[in-house]
2 protein chains.
Amino acid sequence: MLNSPISGNTMQRPLQIIDLLRFAASRHAQQEIVTCRLEGDTHRYNYSDCFQRSAQLADALAELGIQPGERVASLAWNTYRHMELYYAVSGIGSVMHTVNPRLFSEQISWIINHAESQWVFVDLSFVAQLEEIQQQLPKVKGFVVMTDRAHMPETSLNNVLCYEELIAGRPEQYPWPDVDENSAALLCYTSGTTGNPKGVLASHRAMVLHAQATVSADMLDLRSDTVLMPMVTMYHVAAWGAPYAGPLSGCKLVFTGDKTSGSAMAEIIRSEQVTVGLGVPTIWLTLHNYLAENNLTVPSLKRVCVGGAASPVGLVKTYDQQYDVYWQPIWGMTETGPLVHSAPPQADILSLPKEQQYQLQTTAGRPVFGVEARIVDADNQPLPHDGETRGELQVRGHWIATRYFANDDLSSFPDGWLATGDIAVIDSKNFMKVVDRKKDVIKSGGEWISSLDIENIISQHPAVNESCVIGVKHPKWDERPLLLIVTKPGESLDKETIKDFLTGKIARWWMPDDVVFVDQLPHTGTGKLVKNELRRHYQNYLQEKLS
Amino acid sequence: MLNSPISGNTMQRPLQIIDLLRFAASRHAQQEIVTCRLEGDTHRYNYSDCFQRSAQLADALAELGIQPGERVASLAWNTYRHMELYYAVSGIGSVMHTVNPRLFSEQISWIINHAESQWVFVDLSFVAQLEEIQQQLPKVKGFVVMTDRAHMPETSLNNVLCYEELIAGRPEQYPWPDVDENSAALLCYTSGTTGNPKGVLASHRAMVLHAQATVSADMLDLRSDTVLMPMVTMYHVAAWGAPYAGPLSGCKLVFTGDKTSGSAMAEIIRSEQVTVGLGVPTIWLTLHNYLAENNLTVPSLKRVCVGGAASPVGLVKTYDQQYDVYWQPIWGMTETGPLVHSAPPQADILSLPKEQQYQLQTTAGRPVFGVEARIVDADNQPLPHDGETRGELQVRGHWIATRYFANDDLSSFPDGWLATGDIAVIDSKNFMKVVDRKKDVIKSGGEWISSLDIENIISQHPAVNESCVIGVKHPKWDERPLLLIVTKPGESLDKETIKDFLTGKIARWWMPDDVVFVDQLPHTGTGKLVKNELRRHYQNYLQEKLS
């Protein structure tokens, strides 16, 4: 860092999360936040109301004795109450700790204990889950069920409060303190396929700068006339920061509560005139299936922003051709804020022939201002951005994690960069494409084979339900690919058919040495394939076959 | 500031100016920067070229021995070379010191000496001006004329270099250092009507956060498909930050060099398909006059963003009705980055009946995220935002000055706010309107009369060329308004006609006690009325008349 002898004469104000909502309550006061409530009805209010109720909640949190820096946990869907909790907790200088209720029970209790969260805010849907594990949560002082008195459940949870009762009658303004911008604001755990979950602890500054980048035209392009429906959850990577970016942009927010079906999404999009959706590819497949079966359209919808998995070109085309919806790829992970790359509908993409557009829409896009990306070799040396060279993706920037919370393993954070564990190529225009996870790549005779590439091709075979390619031991090549396939119910396949299907679509030396048909494949709590389990099971498969 | 015991685990990267251009050179590499060169031709290149030449210039600056923190002065128009200078100077950790060549010579030499700038970059237009004052610049080591060898002038300046020769053949990449985000980056002097000019020294952080706010839909709404023509100058408040916001947004930049005529603007707008212009009201009056006289239109133009003076409702209407161009008011000053308030074309304005829209377009608009505004009374106590109460406007935020450079007078910076010296009203929706300068407001019997309000009304009289209302001493009311008028050539007016014209348009007790017809009014180097000179001259006018 250069040492300049002269500082600017500029006010030193902290970048703090509460200012995002304070701003919306002033500039976009009347803009709506709509929620499909777990109680069954639809709730509507505006940014001004949200700021006021967040103030009431902050007053309650202070009275509960919640301290600056203390973690406050939530197990909750996307709702206006969850958003109030985000702002109230960070606003008093405490840390919003979102817990993913889809994880296994042992992981949930491990996470709450590791974070030392003492209060847990919980939606009606997850009360029973907490009841089962409350004996494993000795540090938790109490629970707040996020509903009103009329809907409070019978529960065996100890020291249970009702959210609406907790905030009722409290002052509508709160003396929000200024908070050091580098202090902790948000804690999200990421669960890999091995080891314990790892906590990503983001600062106020990180989340405000991430929100600025998120609303920009180079990322989600949120504006006061956007109607945003995040189908990514506030319990996982803060719904890609939507609760922060929404108020900053002044967009209308549509929270879907526990609704994830195609019919529910279609109805909400049509009734609320949603223009932009956020979600993983599966969500948009679900929506498409419902729309196609019912011969419906969603005319208000302009874009779906899609991350969490590779974008299949078939869906990109379907959304363009059948719905006139732009499929906008996003790349990021819990450790990265999460948003880093995207390919929004800008002139340099839209001016291309459709087939080239679609290809760019299946990349991850390019980094937004505030983050940088590169690929490196095994010695951490930068590799060329030539669209061909493969290396591990590294990123750095204003909202990238620099370590895990209360975890001494710094192996993912070399030289001021985050090593993502993704193998990627970057082209000369900085479009990035993930070709595999580092641990899943197959090292055959010193060269790399991408398991993901092969799986993507196999997934297009009409009789295949799911597939998985792993590297297994080989006496000559160190590793060779083995392909595991689950066929669709009622379908049958043989090895030769599959190999014929792959021929010409992949390099000859990428052809899997064998194909194994299985009834099912193992998954994590968040639905990811557990490849290391399969690798363990099949590690000697080829050697035994060859011997 | 709340003291949180726990910091976020987020990378600490500096917010630095060079990253704006670095980003554009990567993400929007092919986007154009077009310049009407002082040499007479039109120059075109892109963000990638700009970044490369900035690197070459940085290498040259380093070789000249320019140090971190050292000020480097410019007297230059809006051109690509001036933009390169912005980035090269800040990029090596030095301070870009833009000097307004329209100031009086004594002010220019005072400013260069006060800033201790040792190198001066100068456009062909201003070489003669510098020759005249170089004897008053003992600390200046040398001058760089911003042109190529073929256009180098004969000059008596000492130690003169040629810009293109200076950078030719140098490495196209520069090892840009990371710079502490709070270090100084940009120095602009503001010249009031009294005393010496005052320097506003902005940090890297301030200018990056200002750029983020500038590109947002709540301010200038710059995007990669915007074609931006700043008719505000890089020598005055950094062209409202356009050289920073342009690359961040990836918009096309159109630099007009020394061209300010209506015909030149019309031609450039039409040939470059300009969509957004920045400028003071006079500029857009000039453009309108030319278009109207020549029966021309500017179909590409969508918005003019207008600050520096109140927006006259007549021009707001003209631009809407004749050109379908949205007149977007802006408020700010050198001490405020400059951008703070605006009223872009958003739904809450566009949904109103036209006459109400026009009224909002003559306010200053509302603050963008990152800055707050309030009005206070004489005891610095906040006043209500009710659309009626008048008070001094105060602002604070991430890019607001906290003091003047090398100046011990802190009277404008009470309690962490900037006292703007403007008298304003703020309505319940936070629309702000400046009603007068604090020093120009007339205190009559304990109440305030706005000189600006009366001047605005008088300006609509067809025979009035210019007017000025000042407070002069009165034995009973302390002060009463005196109206000074310059009539248009060939027109004549009498006092009763003027008073009749005002009747019904202002409160009865606001009626000026007398009207004086004068041949001309005194102005500063930047065209502002020198009211304190008039107040001195006329202070006893009423008392003498009454006695």
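Chain identifiers are assigned alphabetically (A, B, ...) following the order of the sequence lines, protein sequences preceding nucleic acid strands; residue numbering begins at 1 within each chain.
The contact between A/Val395 and chain B is made entirely by backbone atoms, counting heavy-atom distances below 4.5 Å. For a residue to count as touching a neighbouring chain, one of its non-hydrogen atoms must lie under 4.5 Å from one of that chain's; by this rule B/Trp417 touches chain A with the backbone only. The contact between A/Val179 and chain B is made by backbone and side chain atoms together, counting heavy-atom distances below 4.5 Å. A/Gln31 does not touch chain B: none of its heavy atoms, backbone or side chain, sits under 4.5 Å away. At a 4.5 Å heavy-atom cutoff, the contact between B/Ser224 and chain A is made by side-chain atoms alone. Both the backbone and the side chain of B/Pro68 come within contact range of chain A, each with at least one heavy atom under 4.5 Å from a heavy atom of that chain. Residue contact with chain A, scored on non-hydrogen atoms closer than 4.5 Å, involves the side chain of B/Glu181 exclusively. Only the backbone of A/Tyr404 comes within less than 4.5 Å of a heavy atom in chain B; its side chain stays farther off. Interface residue A/Ala401: backbone and side-chain heavy atoms are both found under 4.5 Å from chain B. For B/Leu186, no part sits under 4.5 Å from any heavy atom of chain A, backbone or side chain. Heavy atoms closer than 4.5 Å to chain A are found nowhere in B/Ala29, neither backbone nor side chain.
Of the listed residues A/Asp19, A/Asp225, A/Ile92, A/Val215, the one with more heavy-atom pairs under 4.5 angstrom with chain B than any other is A/Asp19. Between chain B and the options A/Leu187, A/Leu222, A/Val95, A/Leu248, the largest number of non-hydrogen pairs under 4.5 Å is found for A/Leu248. In terms of non-hydrogen atom pairs under 4.5 Å with chain B, the most contact-rich of A/Lys429, A/His28, A/Gln67 is A/His28. For the set A/Gly337, A/Gly397, A/Ala347, A/Ala213, the count of heavy-atom pairs under 4.5 angstrom toward chain B peaks at A/Gly397. Contacts with chain A were tallied for B/Ser216, B/Ser183, B/Gly416; B/Ser183 has the most, counting heavy-atom pairs under 4.5 Å. Heavy-atom pairs under 4.5 Å with chain B peak, among A/Val208, A/Thr10, A/Asn430, at A/Thr10. In terms of heavy-atom pairs under 4.5 Å with chain A, the best-connected choice from B/Ser26, B/Ala206, B/Ala217 is B/Ser26. Taking A/Gln346, A/Gln30, A/Arg205, A/Glu70 one by one and counting their heavy-atom pairs under 4.5 Å with chain B, the maximum is reached by A/Arg205.
Considering all non-hydrogen atoms of both residues, A/Leu2 and B/Pro177 come closest at CB-CB, 4.1 Å. Heavy atoms only, all atoms of each residue included: A/Arg27 and B/Asp218 are closest at NH2-O, 3.0 Å. Of all heavy-atom pairs between A/His398 and B/Pro14, the closest is CE1-O, 3.4 Å. Scanning both residues, A/Gly93 and B/Ser4, for their nearest heavy atoms gives O-OG, 4.1 Å. Here the closest non-hydrogen pair linking B/Phe23 and A/Phe369 is CE1-N, 3.2 Å.
B/Arg223 contributes atom CZ, which lies 4.0 Å from atom CG of A/Asp221 (distance to the nearest 0.5 angstrom). Rounded to the nearest 0.5 angstrom, B/Leu201 CG and A/Ile6 CD1 are separated by 5.0 Å.
Not one N or O on the side chain of A/Arg396 forms a donor-acceptor pair closer than 3.5 Å with the backbone of B/Met11.
Residues B/Asn182 and A/Gln12 form a side-chain contact, since some pair of their non-hydrogen atoms from C-beta on lies under 4.5 Å apart.
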